[in-house]
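Single-structure report; data block below.
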Amino acid sequence: MSNQMLATFRSRQQSVGTERVYHTQCPFCSMQCKKKVLEEKQGSRLRYRTIGVDNPTTKGRLCVKGKNAYQHAVHPERITTPLIKVDGEFQKAGWDEALDLIGKNFREVQEARDKDAVSLYGGGSLTNEEAYLLGKLARVGLGTKYVDYNGRFCMSSAASASTKTFGLDRGFTNHIDQIPDAKCIILAGTNIAECQPTFVPYLEEARQNGSFLIVMDPRETDTAAMADLHLKVKPGQDKQLALLMEHYIVQHGLQDDAFCREQTAGYDDLLARLAEVNPVKDAAETGLRLEDIEEAAYRFASAPTGMILTARGIEQQVDGHDTVRHFLHLLLLTGKIGKYACGYGAVTGQANGQGGREHGQKADQLPGYRSIENSEHRRWIAEVWGVQEPDLPGKGVSAYEMMERMEEGEIQALLLIGSNPVVSNPNANLVHRAFSSVSFMVVAEMFMTESAAYADVIFPTSSYLEDEGTLTNLEGRVTLREASKELPGQCRHDWQIMMAVAEVMGKGDYFSYEKAEDIFNELRLASRGGKADYYGISYDRIRRQSGVFWPCPSEDADEAETLFTNSFATEDGRAHFLTEPTAEEGAKETVDAAYPLYLTTGRTMSHYLTGEQTRRSSRLAAREFESYVEVHPDTARDHGVRSGELVTLASRRGTAVLRCVVSGDVRRDTLFAPMHWGGRQNINRLIDRTLDPACRMPGFKRTAVSLHPAAGG
Ligand SMILES: Nc1nc2c(c(=O)[nH]1)N[C@H]1C(S)=C(S)[C@@H](COP(=O)(O)OP(=O)(O)OC[C@H]3O[C@@H](n4cnc5c(=O)[nH]c(N)nc54)[C@H](O)[C@@H]3O)O[C@H]1N2
Ligand SMILES: Nc1nc2c(c(=O)[nH]1)N[C@H]1C(S)=C(S)[C@@H](COP(=O)(O)OP(=O)(O)OC[C@H]3O[C@@H](n4cnc5c(=O)[nH]c(N)nc54)[C@H](O)[C@@H]3O)O[C@H]1N2
Ligand code: SF4
Ligand SMILES: [Mo]
């Protein structure tokens, strides 16, 4: 090293110093990768670096989003003071002023109409403590039945299908370290390589061990590229696909008859239903070759072990509940459940998509997966909360239906924490009308989003680097995010915001906590004896064990490696086949001359949900800065559109303008567009309001559309 170089090096070393280390977890997907963010001072600037930290689930791995996730948290566009809208413009305000305004308006709305006129809307990014508190704030702080969250659009059909089939919904029935020993793996409607990238090594190990990998997806994704067999199914036809596989298994006597007789209910009804299947005709409806479907059935049934993983591709359908149940039938028929390397995984989406669906932010739910309609459950929770059981409200409606109630005027005020519904709800044009028609709206946010723009008051909330709490990962493992970064400006944590709202509503006595752990300890008690029992989990135990699986009824309870080894969690202990289809005939979108193509929607690697966080990360934004639609080359030719041009997609509800990407990866009758952008690129302007009757899931994955060059090019 020359003297000059040495001098430069020395001076740089002096001005660079690791000032702070933040131990945390990635804020994005359900893998909950552990990491540390190093903050270094370079001259007057702060620089950040991210390093993966070893843990049982992700073993120190990080994907590109996790590596860059600090960028939005330190972004100059963070909202750091309360904002109040005056004559259409947001102005900075103090906490007391903002809170008084909320107290006054919520009370006025409730006095003029009824308690239910105020509503709450939560999300799967919130910690368990906050999700729990949101449900309690609705029922105790505001006394309203109207509370729901964005998980309706995410996990609701897999959750309801697991609950009906097994009696319990914990995303994965087995520890994911059993995956490498599953000899056949079906990935149905999951693009796990782009959506949970740090999961992929488990699948790679399985393949090295000789596992046969089957992927069902209308597109050739990075996940499909790993498959031994890719079934490029027509959007929304997975139920038929599963039925054909069930039919083949039974026709060829490959089912585990003894298991079905001993451990299931509805088996004979299913056999009768399968006798009606017409393989040739039904296979045509799936857009697949019958031989390929039969190979999938044969491979899965004849493998000694096997697992099925499903995600939004098959779940976000107006018959998503029934579809998932048919995939669970494949496990039951072949006896591949309740055993090592045999089971189901609903690949959870959001950071706390699992815990967020357990502790009461859902319209019909109380903590610990208790039901708001069960009098015994109500009494338990009323006692924990110190209120009278009759004072707890009843069941409300699902997330999108709340939007409809707002438009109709039944709901007149809203507190929104952790979601951007204008971009993520179906039938987005109605959501705009709904938010315009409420008389008072409050949003807790980090950024000015399309939804926050409608607010009368915005509370500045903390980011994941600042907010401590537990999150339950896709395996059902409860993890602790130890956040240590100081709050910027006047930001407060969501749990503190909710406490303050309870206080101005005169219910502060029911909400006195000093730290997140106090809320967790109450949650433990509330969940005790429920299906999602967290009683035996403490912050200390999570720290000691690097996460604890639920159910965990006592502090010395062992964690189950595999669920349902002896019996199922249903009342009769048996797993239940679907005997009466619940989905409405004809509810699915159909193509015609005016709308000749299927549109399906989803995700890309570098963006997360409505993109509010990832677009504020320059490195992620640079990878993809605008929305697009994938079009098959033949379809592009037939519709007169070219790669790189702007095109207009129209459905029976609305239009979006997107960049055309011509690609042979997608089916000829299908288009794919991501969900990460709003405004004119908001793909949810096209999606219908029809919901699955069993779980209220919309059909995000199948819409009939037309495709044209955009006016003006
Ligand atoms: N990069 C990234 N990762 C994420 C997220 C993100 O926004 N970005 N979001 C997180 C969240 S909240 C979620 S819920 C998960 C979602 O994770 P996934 O469900 O894996 O993601 P999607 O892209 O919505 O859909 C998965 C696949 O379903 C396919 N598909 C579409 N229609 C059908 C169909 O009718 N049948 C079948 N079989 N397949 C179909 C799509 O082509 C797509 O490849 O990802 C989580 N991880
Ligand atoms: N067409 C189509 N639409 C879809 C889907 C699809 O596949 N296709 N997928 C659906 C699915 S699976 C999901 S999960 C939904 C998600 O949709 P959204 O709920 O809208 O998801 P996000 O973009 O994560 O919105 C979260 C917002 O909350 C803020 N935020 C993040 N963390 C916190 C926090 O801790 N506290 C507070 N107060 N705010 C926070 C972020 O800045 C962001 O603006 O979208 C659904 N919509
Ligand atoms: S986005 Fe998911 S896989 Fe990627 S680092 Fe974050 S938690 Fe891990
Ligand atoms: Mo999701």
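None of the values given here were measured: they were computed from a predicted structure. Counting starts at 1 for both ligands and their atoms, in listed order.
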Does an N or O anywhere in [X] fall below 3.5 Å from an N or O of ligand 1?
X: Tyr608; value: no
X: Asp217; value: yes
X: Met216; value: yes
X: Gln316; value: no
X: Thr600; value: yes
X: Thr604; value: yes
X: Gly236; value: yes
X: Pro218; value: no
X: Arg219; value: yes
X: Val233; value: no

Who's the nearest protein heavy-atom neighbour of [atom], and how far?
atom: atom 20 (O) of ligand 1; value: Asn191 N, 2.8 Å
atom: atom 34 (C) of ligand 1; value: Gly313 O, 3.2 Å
atom: atom 47 (N) of ligand 1; value: Cys195 O, 2.8 Å
atom: atom 14 (S) of ligand 1; value: Arg312 NH1, 3.0 Å
atom: atom 8 (N) of ligand 1; value: His607 O, 2.6 Å
atom: atom 26 (C) of ligand 1; value: Gly189 O, 3.4 Å
atom: atom 24 (O) of ligand 1; value: Arg603 NH1, 2.6 Å
atom: atom 25 (O) of ligand 1; value: Lys701 CE, 3.6 Å

So, for [X] and [Y], is the gap between ring centers shorter than 6.0 Å?
X: His175; Y: Phe549; answer: yes
X: Phe172; Y: Tyr344; answer: no
X: His75; Y: His72; answer: no

For ligand 1, which part of [X] has a heavy atom less than 4.0 Å away: the side chain, the backbone, both, or neither?
X: Cys29; result: side chain
X: Thr221; result: side chain
X: Gln237; result: neither

Is the ring pair [X]/[Y] parallel, tilted or perpendicular, if the boundaries are 30 and 60 degrees?
X: Tyr608; Y: Phe28; result: tilted
X: Phe153; Y: Phe700; result: perpendicular
X: His326; Y: His329; result: perpendicular

List-wise, which protein N, O or S atoms are found short of 2.8 Å from atom 2 (Fe) of ligand 3?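 Protein N, O or S atoms closer than 2.8 Å to atom 2 (Fe) of ligand 3: Cys29 SG.
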
With a 4.5 Å heavy-atom cut-off, do [X] and [Y] have their side chains touching?
X: Val37; Y: Leu465; value: yes
X: Val631; Y: Leu707; value: yes
X: Val64; Y: Arg619; value: no
X: Ile687; Y: Asn427; value: no
X: Lys36; Y: Thr50; value: no

Is atom CD of Glu585 surrounded by more than 12 heavy atoms (other residues, nucleotides or ligands) closer than 6.0 Å?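 No, not enclosed.
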
Quick check on Tyr48: does its OH atom have over 12 non-hydrogen neighbours (other residues, nucleotides or ligands) under 6.0 Å away?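 More than 12 within 6.0 Å, yes.
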
Heavy atoms only: which of Ala311, Gly349, Gly124, Pro235 is nearest to atom 15 (C) of ligand 1?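 Of the listed residues, Gly349 has the closest heavy atom.
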
With a 4.0 Å cut-off on heavy atoms, is [X] touching ligand 1?
X: Gln317; value: yes
X: Glu315; value: no
X: His676; value: yes
X: Arg702; value: no

Output the list of atoms in ligand 1 that are nearer than 4.0 Å to some heavy atom of Gln196, sorted by atom number.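 Listed by number with element: 15 (C), 45 (O), 46 (C).
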
Under 4.0 Å to a heavy atom of Cys154 - the qualifying atoms of ligand 1, by number: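 So the answer, numbered in order with elements, is 14 (S).
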
Side-chain donor/acceptor of Glu220 to backbone N/O of Asp665, under 3.5 Å: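 Absent.
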
Expected output: side-chain Ser651 to main-chain Leu686 donor-acceptor under 3.5 Å: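 Judged by distance alone, yes, a pair lies under 3.5 Å.
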
Is the closest basic N to carboxylate O distance between [X] and [Y] below 4.0 Å?
X: Arg357; Y: Asp169; value: yes
X: Arg696; Y: Asp692; value: no
X: Asp319; Y: Lys239; value: yes

Passes side-chain contact (heavy atoms from CB on, under 4.5 Å), Asn128 versus His359? Steps please. CA-CA 7 Å; Asn128 287 319; His359 299 296; 4.1 Å; yes

Yes or no on side-chain contact (heavy atoms from CB on, under 4.5 Å) for Met216 and Ile314, after CA distance, side-chain angles and deciding distance? CA-CA 9 Å; Met216 297 158 179; Ile314 72 156; 5.8 Å; no

